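As structure tokens, the structure follows; a few thoughts come after it.
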There are 2 protein chains.
Amino acid sequence: MSMNVRTLCLGVLTAGEASGYEIKKDIEEGMFSHFIDASFGSIYPALTQLAGEGLLTVRAEEQTGKPDKKVYAITAKGRAALAASIAVLPARDKYKSEFLFQMLLQEYLTPQMMLAAVDKQLNDLNGDLARIAGCICSEQPHKGARFVADYGEAVLTAAVNVLNEKKAELLRLTTAQAAE
Amino acid sequence: MSMNVRTLCLGVLTAGEASGYEIKKDIEEGMFSHFIDASFGSIYPALTQLAGEGLLTVRAEEQTGKPDKKVYAITAKGRAALAASIAVLPARDKYKSEFLFQMLLQEYLTPQMMLAAVDKQLNDLNGDLARIAGCICSEQPHKGARFVADYGEAVLTAAVNVLNEKKAELLRLTTAQAAE
DNA sequence: TGATGCATGTAATCCGTTACATGATTCA
DNA sequence: TGAATCATGTAACGGATTACATGCATCA
């Protein structure tokens, strides 16, 4: 499966028609957010392309007080293409973490910087958790939303728990060091 | 912090001198493996560049029965550059998962494909866990190895647990459906 | 004899991000 | 008045992957 922006757009549009702008918001705030990224620079060209291939339909919607928008909807052909795209064993998850890189090389970091990094990570994780909780409350058109939410919640919660332990340990060490 | 291949190479080399080939192996099999990726096509040019800037030293090592190798070691200047690189709040973790994408869109997947995907994921996760366990047993030059290993283990274990639950649920449903 | 591991490197290509361009409306 | 939200799009640029090129040793 080539999980590129094309496939992503098709996937988002299975939940209902949307404009490029709304798709971006969906990716940032919705269920997709914690395992995918995409910018306008890739979404808009992808939509134009998909519509040209008949996988999407376009409709211009005039709005008062706001710019017009192009509302895209997935076609039968588009659904078929999506199904074909995901009918393959998924590629291995890709996880990139500057945070863990820093933690591994903590001898090159001051205790303050390390603490700041841990706090930031904790903040990010809690933000993700809140987002998932929010998604699951709102109407979810996807059958798999429960699956993804449970998976995400479990993983993020585990991360928060270890981090809190590590942070406490760190604080004990640094205060002990400061008392010397 | 720009966690590019340059910084990554510097980081790996703090554990001791190594050739490009060995760095790649380290990234694949060592502590770095579960939160970073890099290919030869990016490692070799990066090493040449870093050596040119005086952040690394090179030494050609002749080997019998094997091709010669270029052994790189980090310099004081290199350590300083590394420290400078990581002396910034880390960027948000990036996580891409075709697996979760498929699970979210499970209505476009057959139960068999879904089960296959779950099994593959479970396999990948268990592989990662085994790798972490292996790393921690072998001599670890990094202070932060414990931190990273604990974090990784917690997260991966949580993922395995949810997945096993989900899989059991899935099997119940599919066998019930088959019995109809 | 054919795959796999060791070992290095380059060029083509891809896929995406960032920055730029444009413009109205609303809220502080 | 300045920032933020809504809205679409393009062009430049970057960073890495993939594929290719080379070659010897070992193991099945």
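Letters A, B, ... are given to chains in the order of the sequence lines, protein chains preceding strands, and every chain is numbered from 1. Small disclaimer: the values here were computed from a predicted structure and weren't measured.
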Would you say the side-chain atoms of A:Asn4 pair up with the backbone N or O of A:Thr7, donor to acceptor, closer than 3.5 Å?
yes
Rounded to the nearest 0.5 Å, how far apart are CG of A:Leu171 and CG of A:Leu115?
5.0 Å
Is B:Asp37 paired with A:Arg92 through a side-chain N to carboxylate O contact shorter than 4.0 Å?
no
Determine the interplanar angle of the B:Phe32 and B:Phe35 rings, folded into 0 to 90°, and report it as parallel if under 30°, tilted if 30 to 60°, perpendicular if over 60°.
tilted
Residues at least two apart in sequence or cross-chain that pass side chain to side chain donor-acceptor pair (under 3.5 Å) with B:Tyr44, listed by chain then number, are none
Please determine whether a side-chain nitrogen or oxygen atom of B:Ser19 lies at a distance below 4.0 Å from atom OP1 or OP2 of C:dT8.
yes
Where along residues 40-52 of chain B does a heavy atom fall under 4.0 Å from DNA chain C?
B:Gly41, B:Tyr44
Could you tell me the separation between the CD atom of A:Glu62 and the P atom of C:dA24, rounded to a whole number of Å?
16 Å
Where does the chain B footprint on DNA chain D start and end, counting 5' to 3' with a 4.0 Å heavy-atom cut-off?
D:dA16 to D:dA25
Test salt bridge (charged side-chain N to carboxylate O under 4.0 Å, His left out) applied to A:Lys24 - qualifying residues, sequence neighbours left out
A:Glu28
For A:Asn164, which residues count as a side chain to side chain contact (heavy atoms under 4.5 Å, CB included) partner, sequence neighbours excluded?
A:Leu122, A:Val160
Of all residues at least two apart in sequence or in a different chain, which pass the salt bridge (charged side-chain N to carboxylate O under 4.0 Å, His left out) check with B:Glu17?
B:Arg59
With sequence neighbours excluded, tell me which residues meet side chain to side chain contact (heavy atoms under 4.5 Å, CB included) with A:Ser33.
A:Arg131
Over its full length, what angle do the end axes of the helix from C:dT1-D:dA28 to C:dA28-D:dT1 make, each axis taken from five pairs and the result rounded to 10 degrees?
40°
May I ask you to verify if any side-chain N or O of B:Gln63 is less than 4.0 angstrom from the OP1 or OP2 atom of C:dC6?
no
With sequence neighbours excluded, tell me which residues meet salt bridge (charged side-chain N to carboxylate O under 4.0 Å, His left out) with B:Lys69.
B:Glu22
Using a cut-off of strictly less than 4.0 Å between a heavy atom of the residue and any atom of DNA chain C, enumerate the qualifying residues of residues 20-36 of chain B by number.
B:Gly20, B:Tyr21
Within a reach of under 6.0 Å around CD of B:Gln63, are more than 12 heavy atoms found that belong to other residues, nucleotides or ligands?
yes
Sorted by chain and residue number, the salt bridge (charged side-chain N to carboxylate O under 4.0 Å, His left out) partners of B:Arg146 (sequence neighbours excluded) come out as B:Asp150
Could you work out, with side chain to side chain contact (heavy atoms under 4.5 Å, CB included) as the rule, every residue matching B:Ala130, not counting sequence neighbours?
none
